[in-house]
Peer 1: 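Handing you this structure, nothing more for now.
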Amino acid sequence: PEKPKELEADAAEDTRPKVSADTVEVSTTDATMNALPTAGNKLLMSLTDGGFQYLLAGIRATAGIKAGRYMVEAKIVEMQKGGDQSGAARDKVPQPRNLFRIGLSTSGSSLILGDAGPDSVCFDSEGAFIHEKIRKKTVAKFGRDSTIAMLVNLDESSPNVNTVSLFKDGVRICQPQAIPEKMRGKTLYPTITYRNVTVQVNFGPQPLAPLPFTCRMLGDAAQADVELAPAPQAKGGKYEVLFPVGLPETGYFDWVDAFIEKNPDYVELSDRKIIEWAVKSGMWKPKAAGHSNDKPDMKFGIPAMDDLSVSRLLKHIAPVTKRNFIVPELKANLSDSERKKALLRFAPPEFKKVACVVMGEPTAEYKARVHEVILSEKKRKAEGEKKKKGAEEERKRLIEAKQKKSEEARKANKRKRDGEAEEEAKEEEPEEKPAEEAKADEEVVVQLTEEEKALKCRKTPVPDITETILAKSYANFSLPTVAEGFDAVTFAWQSEAECATLMKDWIFAKKLTQRVEDLKIGDSFKEAWSTWQKQLAEWRKLASEWKDPNKRKALLAKRVEAKKKVAEEKGDEPPKEEKEIEIDLEELDVFAVEDINDLGNGEPLFANFAPEDWALLTLRFELHLLVHSFRHDLADPSRTAFHESHLTYYYNKYYKRAFNVKYFGVSKLQDIIDWIQDTVEIVPKNGTMEWQLSEDTPLHNFVKLTEDHRRDRQRRMDMGDETAELKFQRSAQSAGAPRQTPSNPLANAVKG
C-alpha cells in the first residue's frame, strides 16, 4: 500500500519570546522516588537494588505544552540485566524486564504512564499506544541506541491538531494518534516512565535526529505556548515532614487522601503507597487475610519485594531529597518511641518536622468529602449491578430470538416437505427499543440514606489496625509533643485539651474490650493453683472413702484413735465410745460449719457432691483465682478486670485448656455465672468479669458455697422445677472439639 502522505509542514518563523532552554528539563521533584536524573538532568537512571528492580520509575518535564507543535527526544543508552528468579517467583515478576514509555500527562496525575489513569497517554517500547485500559499496537518494538522523538501537535491550524506521533531516528514510525478528548484543553507535560534502562533525554533546542520537516523542540518553545511547573517551595526555607496522628477507625486515611489531593507536592511514605506503586508496575498482589490499612500485606511472591527492601531503602533516600513528605504510619505515629525514631531519620536542618493531630469532631468539609466518597462507591456498585443485569437480559433476548428463528425455520421446512406454498415473507418491522434498553441509557441515580448522612467517617473493608496489633500496642498510645523533637504540633479538628481527653477515654474504653496478648503469668497464680489442686485431691479422696462402707469404718476408727491420742497428750481420760450422732443436713447451716471434713459424726460437708457439684466447685475457684490473678499480673490500676468475651482466652492462657460453655449444657456464659454469682459476676454496665470474694478467701468457703447451691438446687427439683437440673456433658471431647482438651466439667470432675 502507498505510504500515507506526511501532513506535517515545516515550522513557520516565530518571533514571540521564547522560554529559556535551561528551564526546560526533567523535574527533580515531580518524579518517583527511584528516578535518578544525572548529568545535568539529561540522563535518567533508577534504583535497582532489591525490589526496586521491579518498580517503574516516572518523571515529568518542568514545562507543559498548552498550544503549538513541539517535540522532545529520548534514547535508551543502557539496558540493565537483573537477577534471575526461579520457581514460582519467575511467573510473578512483571514483564518485560526492560521497559520504556514516553507520553503526556497532566499536572498532578500519576507519574506511571499506562497505569489505566484517564489523565495520560503514551507509547511504550513494546510498540503499544496506551490510554486508560486500551492498548493499541501502533509501532514495532524499539530498544537501545535509537533516538525516539515524540511530536505533540496542539496547533489549531494543523490538520494533525490534537495528536501525538512517534519518530525513530528521524523517521515516522506511526501515524498521528488522537489525544483523548478529556485531556484536550489542558496543559500536557512530556513524561517518561522506565524500568531497568538508562535514558538520555533531549528538550533542545537542537534535535539529536532531525525530522523530515523542521520542528521546534520544547526547549525552544514560545513562552505563550508552554507553562512552567513551579518547583515546590520550602516553607520558611525548610521542607516539611508531616506526621498525621489519629485513632483507628476514625477516618485517618481518608484525611490523608484529602490532604494529598490539596497538597500534591507532598510525597506519601507508606506501605500502602508501595503496594499501589507495585501494582501499577505490573505486579499482581494476591488477596490475603490478616492485613490492615496501616500495614497491608506485602507478599507478592517475589523474594526481593517480600523482604521489604523497598520500604527500607526509601527510609534512607527520603531524607536526602528536597521534597515535602507525609508519613501516615497510624500505629507508629501514636507511639512516642516510634515517633522519636522517625524524627531521627529527618534530622537534617532543611526539614521542618510537624505532627498534625486528627482527632475528635471532623470539619464540615471533611464530612462532605466522606459523603461524596460513599455516594461515589454506591453509584459504582449500582452501575455494575445495572450493567450485569443488562448483560443478562441481552443474553436472554438473544436466546429467545435464536429460538424464534429456529422455530420459523422448522415450520418452513415442514411446509416444504408437505408441499404447501411458502408464506409470503413479511417485511420485518423495526423493533421498538425495549423499555429495559431505554432504562439502560439512563444515568444511575443513587442517594445517601439518613444513616449514611449521619456518618462522620467511612468504614473501610479492612481495619485500620488489626486486632492483634492493636491489643499489643494501644496502651502505649499518646499524643505528640514538641519535647519529642517536633518543630510544631498542630490540631486539625479539635483543641489539644479535647484531643487529650478523647485519647484518655479511648484508651480506657479499649482496656475494657481488648485482651492483653503479652500478659505474663505470675508466681502467685502458680502457687495458689498448685495448693488448690492438692487440697481438691484430698477432698475428693475423703468423699470417695466416705461413700465406701469398708473405708468409712476405717475412717471412723481412725477418728476415734485421733481423739484418744489428743486426750493422752492433754493428760485427760480417754473418751468413751460415742454413739453415732444424727445430723439433719437439711437444717444444717453450712456457713456455721467449723470443719468441712467432719460435721461431728465424721461425715464431710461434701459427702453428697455429685460430679456436677465437683465441677462447679472447681469452676468457682478457677474463675475466682483467674480474675484476681489477672488484676495482680497486669498491675494496671486503670484496668483491674477483663471483658467477658475474653474469658476463653485468659482461661486457656492460665489453665492451658479451652473453656467452652456448651460442655455445661448451656448456650451463654451468663447462665454459668448465674450458678456461681456468689463468686464472680458480669458487670451489666460494661461486661467485665468482677470478683465477689476477697483474694484471701479460705479454700473451704468455696466448698460451703457449692454445698449451699446444691441444697437450693435440690429443693427446687423436689418442688418440680426442671430448670434446676444440671445437664453437663460427660464426654471429654465431642465432634469438632479443638485440639486442646476442652474444659469439660464432668471429665475434669471425674479426674479430680
Peer 1: If I compare all heavy atoms of Pro205 with all of Ala21, which pair ends up nearest, and what's the gap?
Peer 2: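 In terms of heavy atoms, the two residues are closest at CD-CB, 4.2 Å.
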Peer 1: Tell me whether Arg135 is salt-bridged to Asp124, with the criterion being a basic N under 4.0 Å from an acidic carboxylate O.
Peer 2: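 Yes, charged N to carboxylate O under 4.0 Å.
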Peer 1: Do NZ/NE/NH1/NH2 and the carboxylate oxygens of Glu350 and Lys238 come within less than 4.0 Å?
Peer 2: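 The answer is no: the pair does not qualify as a salt bridge.
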Peer 1: Is the NZ atom of Lys388 crowded by more than 12 outside heavy atoms at less than 6.0 Å?
Peer 2: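 12 or below, so no.
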Peer 1: About how many Å separate NZ of Lys299 and CD1 of Ile302, when rounded to the nearest 0.5 Å?
Peer 2: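 Reported to 0.5 Å precision, the distance equals 12.5 Å.
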Peer 1: Hey, what do you get for CZ (Arg216) to OH (Tyr70), rounding to the nearest 0.5 Å?
Peer 2: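 OH of Tyr70 is found 7.0 Å from CZ of Arg216.
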Peer 1: Do NZ/NE/NH1/NH2 and the carboxylate oxygens of Arg395 and Glu392 come within less than 4.0 Å?
Peer 2: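 Judged by the 4.0 Å cut-off on N to carboxylate O distance, Arg395 and Glu392 do form a salt bridge.
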Peer 1: Begin from the C-alpha positions of Asp22 and Ser20 and carry the test side chain to side chain donor-acceptor pair (under 3.5 Å) through to its verdict.
Peer 2: CA-CA 6 Å; Asp22 59 2; Ser20 175; 2.5 Å; yes
Peer 1: For a quick test of reading the model, state the closest non-hydrogen atom pair linking Ala278 to Leu55 and the distance between them.
Peer 2: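 Looking at all heavy atoms of both residues, the closest pair is CA-CD2, 3.6 Å.
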Peer 1: I'd like to know whether Asp265 forms a side chain to side chain donor-acceptor pair (under 3.5 Å) with Asn324, so could you lay out the CA-CA distance, the side-chain angles of the two residues, the decisive distance to 0.1 Å, and finally the verdict.
Peer 2: CA-CA 7 Å; Asp265 58 311; Asn324 294 316; 2.9 Å; yes
Peer 1: Does the pair Lys42 and Val26 meet the rule for a side chain to side chain contact (heavy atoms under 4.5 Å, CB included), with working shown?
Peer 2: CA-CA 8 Å; Lys42 294 188 183 331; Val26 292; over 6 Å; no
Peer 1: In plain terms, say whether Arg369 and Glu261 are close enough for a salt bridge, that is, a side-chain N and a carboxylate O under 4.0 Å apart.
Peer 2: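 Glu261 and Arg369: salt-bridged.
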Peer 1: Regarding Thr363 and Glu365, is there a side-chain donor-to-acceptor distance under 3.5 Å anywhere?
Peer 2: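 No, because no side-chain N or O of Thr363 sits under 3.5 Å from a partner of the opposite role on Glu365.
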Peer 1: Is there a side chain to side chain contact (heavy atoms under 4.5 Å, CB included) between Met298 and Ile275 once you walk through the steps?
Peer 2: CA-CA 7 Å; Met298 296 282 281; Ile275 290 177; 3.4 Å; yes
Peer 1: Step by step, would you call Val226 with Leu218 a side chain to side chain contact (heavy atoms under 4.5 Å, CB included)?
Peer 2: CA-CA 8 Å; Val226 299; Leu218 187 56; 3.7 Å; yes
Peer 1: Tyr266: what forms a ring pair (Phe, Tyr, Trp, His ring centres under 6.0 Å) with it, not counting sequence neighbours?
Peer 2: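 For Tyr266 the ring pair (Phe, Tyr, Trp, His ring centres under 6.0 Å) partners, ignoring immediate neighbours, are Phe259.
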Peer 1: Between atom CG of Asn293 and atom NE2 of His291, what is the distance when rounded to the nearest 0.5 Å?
Peer 2: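 Nearest 0.5 Å value for the CG-NE2 distance: 7.5 Å.
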Peer 1: With the side chain counted from C-beta on, respond yes when Phe52 and Leu314 share a heavy-atom pair under 4.5 Å apart, and no when they do not.
Peer 2: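 Counting from C-beta outward, Phe52 and Leu314 do come under 4.5 Å.
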Peer 1: So which of Val267, Leu56, Ile112, Thr193 actually passes side-chain contact (heavy atoms from CB on, under 4.5 Å) with Thr32?
Peer 2: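 Among the candidates, only Ile112 passes.
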Peer 1: Is there a side-chain contact between Cys457 and Tyr366 (heavy atoms, below 4.5 Å)?
Peer 2: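 Yes, at least one pair of side-chain atoms sits under 4.5 Å.
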Peer 1: Quick one: does Val24's side chain get under 4.5 Å of Met217's, heavy atoms only?
Peer 2: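 Side-chain contact under 4.5 Å: no.
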Peer 1: Could you tell me which non-hydrogen atom of Pro94 sits nearest to which non-hydrogen atom of Met283, and how far apart they are?
Peer 2: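 The pair with the smallest heavy-atom distance is CD-CG, 3.7 Å.
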Peer 1: Checking Glu400 now: which residues fulfil salt bridge (charged side-chain N to carboxylate O under 4.0 Å, His left out) with it, not counting sequence neighbours?
Peer 2: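 Glu400 satisfies salt bridge (charged side-chain N to carboxylate O under 4.0 Å, His left out) with no residue once adjacent residues are dropped.
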Peer 1: Minimum heavy-atom separation for Ala61 and Tyr189, please, with both atom names.
Peer 2: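 Shortest heavy-atom contact: O-CD2, 3.4 Å.
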Peer 1: Which of these passes salt bridge (Lys or Arg N to Asp or Glu O under 4.0 Å) with Asp257: Arg272, Lys262, Lys273?
Peer 2: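 Single pass found, and it is Arg272.
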Peer 1: Is it the case that over 12 heavy atoms from other parts of the model lie below 6.0 angstrom from the CD1 atom of Ile134?
Peer 2: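 No, the 6.0 Å shell around CD1 holds no more than 12 heavy atoms from other groups.
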Peer 1: Under the salt bridge (charged side-chain N to carboxylate O under 4.0 Å, His left out) rule, what do Asp254 and Arg458 come out as? Steps first, then yes or no, please.
Peer 2: CA-CA 8 Å; Asp254 278 341; Arg458 184 172 60 98; 2.7 Å; yes
Peer 1: Does the side chain of Ser309 pick up a donor-acceptor pair with the side chain of Asp49 at under 3.5 Å?
Peer 2: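 The criterion, which ignores hydrogens and geometry beyond distance, is not satisfied for Asp49 and Ser309.
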Peer 1: Testing the 3.5 Å rule here: is there a donor-acceptor pair between the side chains of Arg97 and Gln80?
Peer 2: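 Side-chain D/A pair, Arg97 to Gln80: absent.
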Peer 1: Looking just at side-chain N and O atoms, do Arg60 and Ser105 make a donor-acceptor pair shorter than 3.5 Å?
Peer 2: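 Per modelled atom types, Arg60 and Ser105 side chains form a pair under 3.5 Å.
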Peer 1: Answer with yes or no whether the side chains of Ser46 and Arg195 bring together a donor and an acceptor at under 3.5 Å.
Peer 2: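 Their side chains do not contain a donor-acceptor pair, so the 3.5 Å distance test is not met.
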Peer 1: Does this structure show an ion pair linking Asp145 with Lys75, if we count only N-O contacts that are shorter than 4.0 Å?
Peer 2: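 Answer for the salt bridge query: no.
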Peer 1: Test Phe123 against Phe129 for ring-ring contact (aromatic ring centres under 6.0 Å, His included), laying out the working first.
Peer 2: CA-CA 5 Å; Phe123 297 93; Phe129 180 71; 4.9 Å; yes
Peer 1: Of Leu43, Thr48, Thr198, Leu47, which is the lone residue that meets side-chain contact (heavy atoms from CB on, under 4.5 Å) with Leu36?
Peer 2: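 In the set Leu43, Thr48, Thr198, Leu47, the residue that makes a side-chain contact (heavy atoms from CB on, under 4.5 Å) with Leu36 is Leu47.
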Peer 1: State whether Asp155 and Arg69 are salt-bridged, where the test is any N-O pair (Lys NZ or Arg NE/NH1/NH2 against Asp/Glu carboxylate O) under 4.0 Å.
Peer 2: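 Salt bridge flag = no for Arg69 with Asp155.
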Peer 1: Minimum heavy-atom separation for Glu73 and Ala209, please, with both atom names.
Peer 2: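 Scanning both residues completely, I find the closest heavy atoms to be OE2-N, 3.1 Å.
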Peer 1: State, yes or no, whether a side-chain contact exists between Cys215 and Glu8 at a heavy-atom distance under 4.5 Å.
Peer 2: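 When only atoms from C-beta onward are counted, Glu8 and Cys215 do not touch, as no gap falls below 4.5 Å.
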Peer 1: Judged by modelled atom types alone, do Thr163 and Asn153 share a side-chain donor-acceptor pair under 3.5 Å?
Peer 2: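 Not at all, the side chains of Thr163 and Asn153 share no donor-acceptor pair under 3.5 Å.
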Peer 1: Quick one about Lys378 and Gln447 (side-chain donor to acceptor, distance below 3.5 Å, no hydrogens or angles considered), yes or no?
Peer 2: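 No - no donor-acceptor pair under 3.5 Å links their side chains.
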Peer 1: Relative to each other, are the rings of Phe351 and Phe325 parallel, tilted or perpendicular (30° and 60° limits)?
Peer 2: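 Tilted: the ring planes of Phe351 and Phe325 meet at 30° to 60°.
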Peer 1: Quick one: CG on Leu99 to CD1 on Ile76, what's the gap to the nearest 0.5 Å?
Peer 2: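 Reported value, rounded in 0.5 Å steps: 8.5 Å.
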Peer 1: Search all heavy atoms of Lys168 against all heavy atoms of Ser146 and return the closest pair with its distance.
Peer 2: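 In this case the closest contact between Lys168 and Ser146 is CE-OG, 3.2 Å.
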Peer 1: Please test Ile192 against Val201 for side chain to side chain contact (heavy atoms under 4.5 Å, CB included), starting from the C-alpha separation and ending with a verdict.
Peer 2: CA-CA 9 Å; Ile192 290 175; Val201 292; 3.3 Å; yes
Peer 1: Between Glu181 and Arg184, does any NZ, NE, NH1 or NH2 come within less than 4.0 Å of an OD or OE carboxylate oxygen?
Peer 2: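 Result for this pair is yes, salt bridge flagged.
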Peer 1: Report yes if the side chains of Ile173 and Thr138 come closer than 4.5 Å at any heavy-atom pair, otherwise no.
Peer 2: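 Sidechains of Thr138 and Ile173: no contact.
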Peer 1: Taking side chain as C-beta onward, heavy atoms only, is Thr191 less than 4.5 Å from Leu104?
Peer 2: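 Side-chain contact under 4.5 Å: no.
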Peer 1: Is any NZ, NE, NH1 or NH2 atom of the basic residue among Lys280 and Glu276 found under 4.0 Å from an Asp or Glu carboxylate oxygen of the other?
Peer 2: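 Counted as a salt bridge, because a side-chain N and a carboxylate O are separated by less than 4.0 Å.
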Peer 1: Nearest 0.5 Å, please: how far is NZ in Lys81 from CG in Asn98?
Peer 2: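 Taking CG in Asn98 and NZ in Lys81, the distance rounds to 10.0 Å.
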Peer 1: Hey, could you give me the CZ/OG1 distance between Phe203 and Thr62, rounded to the nearest 0.5 Å?
Peer 2: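 Output value for this atom pair is 7.0 Å.
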Peer 1: What do the steps show when you test Glu126 against Lys137 for salt bridge (charged side-chain N to carboxylate O under 4.0 Å, His left out), and what is the final call?
Peer 2: CA-CA 9 Å; Glu126 296 296 293; Lys137 185 74 174 177; over 6 Å; no
Peer 1: Any salt bridge linking Glu132 with Lys182? Criterion: basic side-chain nitrogen under 4.0 Å from a carboxylate oxygen.
Peer 2: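 So Glu132 pairs with Lys182 through a salt bridge.
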